[in-house]
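Please read all numbers here as calculations on a predicted model, not as lab measurements. In the text below, chain A, chain B and the rest are named by the order of the sequence lines, each starting its count at 1.
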Protein chains: 2
Amino acid sequence: MENRIEKIKKQLHSQSYKLTPQREATVRVLLEHEEDHLSAEDVYLLVKEKSPEIGLATVYRTLELLSELKVVDKINFGDGVSRYDLRKEGAEHFHHHLVCVECGSVKEIEEDLLGDVEKIVESQWEFKVKDHRLTFHGICKKCQSHDDDK
Amino acid sequence: MENRIEKIKKQLHSQSYKLTPQREATVRVLLEHEEDHLSAEDVYLLVKEKSPEIGLATVYRTLELLSELKVVDKINFGDGVSRYDLRKEGAEHFHHHLVCVECGSVKEIEEDLLGDVEKIVESQWEFKVKDHRLTFHGICKKCQSHDDDK
DNA sequence: TGTCAAATTATAATTATTTTAATTTATAAC
DNA sequence: GTTATAAATTAAAATAATTATAATTTGACA
């Protein structure tokens, strides 16, 4: 964990930003909840447990900054809140998501399934792809088996 | 155009909703701007030109209703506003989007490029796919040629 | 150590959307 | 056709998410 913070610190410094205590606290929360898809408010409340003096606006600014540096990805599942995910180390692409419409759980797919599709888009629509967002809405494994009970 | 309105009317009736004048005016605006990706506010302003007495809340409720009936798709490009797209007639799937990060233009791909990917997701993650959202962020053809000028 | 820029805080403002309560409209029973 | 009933609409207020503002603090460095 510490070395990932070190890395992020260097990334910030390379763009002449500093890793302030508030920013560090925010990053730590993100690291501790890598599996979740936290909203800004979620992050704020978690950071507040450790550093009660932090302000919500700072969390927003920090997340925005981390998003610009591609340390986190800002996603929107259409529920009106932005969520922030740490990019996996070395991950080039934005990972995909499986959102269950029954229980609301969100699972991540880290594999890049879009290689071929991107090639098609680039050649057929002459569109230079920089990034992508892919979300599937459906029913997760768990809910499928629950449905059997009925 | 009229027969598409007829169809939507029937769809509403089948769920015991009515096609009120306000709803009809809203649908007409959507039909007239099929290529665009209008926000609720955009729709409201356009509807207002023809039916100045309509309220914003009604537009929201109508769009929400149409979205439930799968007449329109509600999308979010991450800019903080929800946008509403009429589903193409008979279109089973949610179409894909190409968002240009330079000029902000949005292009639609109606072809479904995800057939294979969905199969993989269904078998490998045991996730029953109902719908998907796929957006590419990148540089559109026009902006690519502009960049050459520099 | 004093100075300057960057960062933070608390608060207010803004934007998008939803809710509420009152009113209108349409549907259907009589 | 009136009257009762439910659905839909309006205008206004409320809420939720996010951003901007102004004052203050922090930290790097001359």
Restricting to nitrogen or oxygen on both sides, can you table the protein-nucleotides 3-7 of chain C pairs closer than 3.5 Å?
residue : atom : partner : partner atom : Å
C/dA7   : OP1  : A/Arg23 : NH1          : 3.2

Could you go through nucleotides 13-18 of chain D and list every protein N or O atom that sits under 3.5 Å from one of its N or O atoms, giving the distance for each pair?
residue : atom : partner : partner atom : Å
D/dT18  : OP1  : A/Ser82 : N            : 3.1
D/dT18  : OP1  : A/Ser82 : OG           : 3.1
D/dT18  : OP2  : A/Tyr60 : OH           : 2.4
D/dT18  : O5'  : A/Tyr60 : OH           : 3.3

*asked:* Quick check on contacts: within residues 43-55 of chain A, what sits under 4.0 Å from DNA chain C by heavy-atom distance?
replied: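 Here the set is A/Glu53, A/Ile54, A/Gly55.
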- prompt: Is the shortest side-chain N to carboxylate O distance from A/Lys50 to A/Glu24 below 4.0 Å?
  reply: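 Between A/Glu24 and A/Lys50 there is no salt bridge, as every charged N stays at least 4.0 Å from the carboxylate O atoms.
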Open item on the list: So that I can tick it off, tell me whether B/Arg28 and B/Glu2 are bridged by a salt bridge, with the cut-off set at under 4.0 angstrom between side-chain N and carboxylate O.
Closed with: yes
Separation between NZ (B/Lys130) and CD (B/Glu118), nearest 0.5 Å, reads 12.0 Å
So the salt bridge (charged side-chain N to carboxylate O under 4.0 Å, His left out) pairs with at least one residue in residues 68-79 of chain B (sequence neighbours excluded) are B/Glu64-B/Lys74, B/Asp73-B/Arg87, B/Asp79-B/Arg83
Between [X] ([atom1]) and [N] ([atom2]), how many Å, whole number?
| X | N | atom1 | atom2 | value |
| --- | --- | --- | --- | --- |
| A/Asp79 | C/dA16 | CG | P | 17 Å |
| B/Glu24 | C/dA26 | CD | C1' | 15 Å |
| B/Glu64 | D/dA7 | CD | P | 19 Å |
| A/Leu12 | D/dG27 | CG | C1' | 16 Å |

All salt bridge (charged side-chain N to carboxylate O under 4.0 Å, His left out) counterparts of B/Asp85, not counting sequence neighbours: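 If we apply the salt bridge (charged side-chain N to carboxylate O under 4.0 Å, His left out) test to B/Asp85, skipping adjacent residues, there are no hits.
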What do you reckon, are the aromatic ring centroids of B/Phe77 and B/His97 less than 6.0 Å apart? yes
With sequence neighbours left out, the residues meeting side chain to side chain donor-acceptor pair (under 3.5 Å) with B/Lys119 are none
Same cluster or not: are A/Val27 and A/Leu69 linked, directly or through other Ile, Leu, Val, Met, Phe, Trp or Tyr residues, by side-chain heavy atoms under 4.5 angstrom apart?
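Yes, A/Val27 and A/Leu69 fall within the same hydrophobic cluster.
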Exercise. Is the backbone of B/Thr58 close enough, under 3.5 Å, to the side chain of B/Thr62 for a donor and an acceptor to pair up by distance?
Worked result: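 The answer is yes, because a donor-acceptor pair under 3.5 Å joins these two groups.
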Describe, in one word, how the ring planes of B/His132 and A/Phe136 are oriented to each other, choosing from parallel (under 30°), tilted (30 to 60°) and perpendicular (over 60°).
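Ring orientation of B/His132 relative to A/Phe136: perpendicular.
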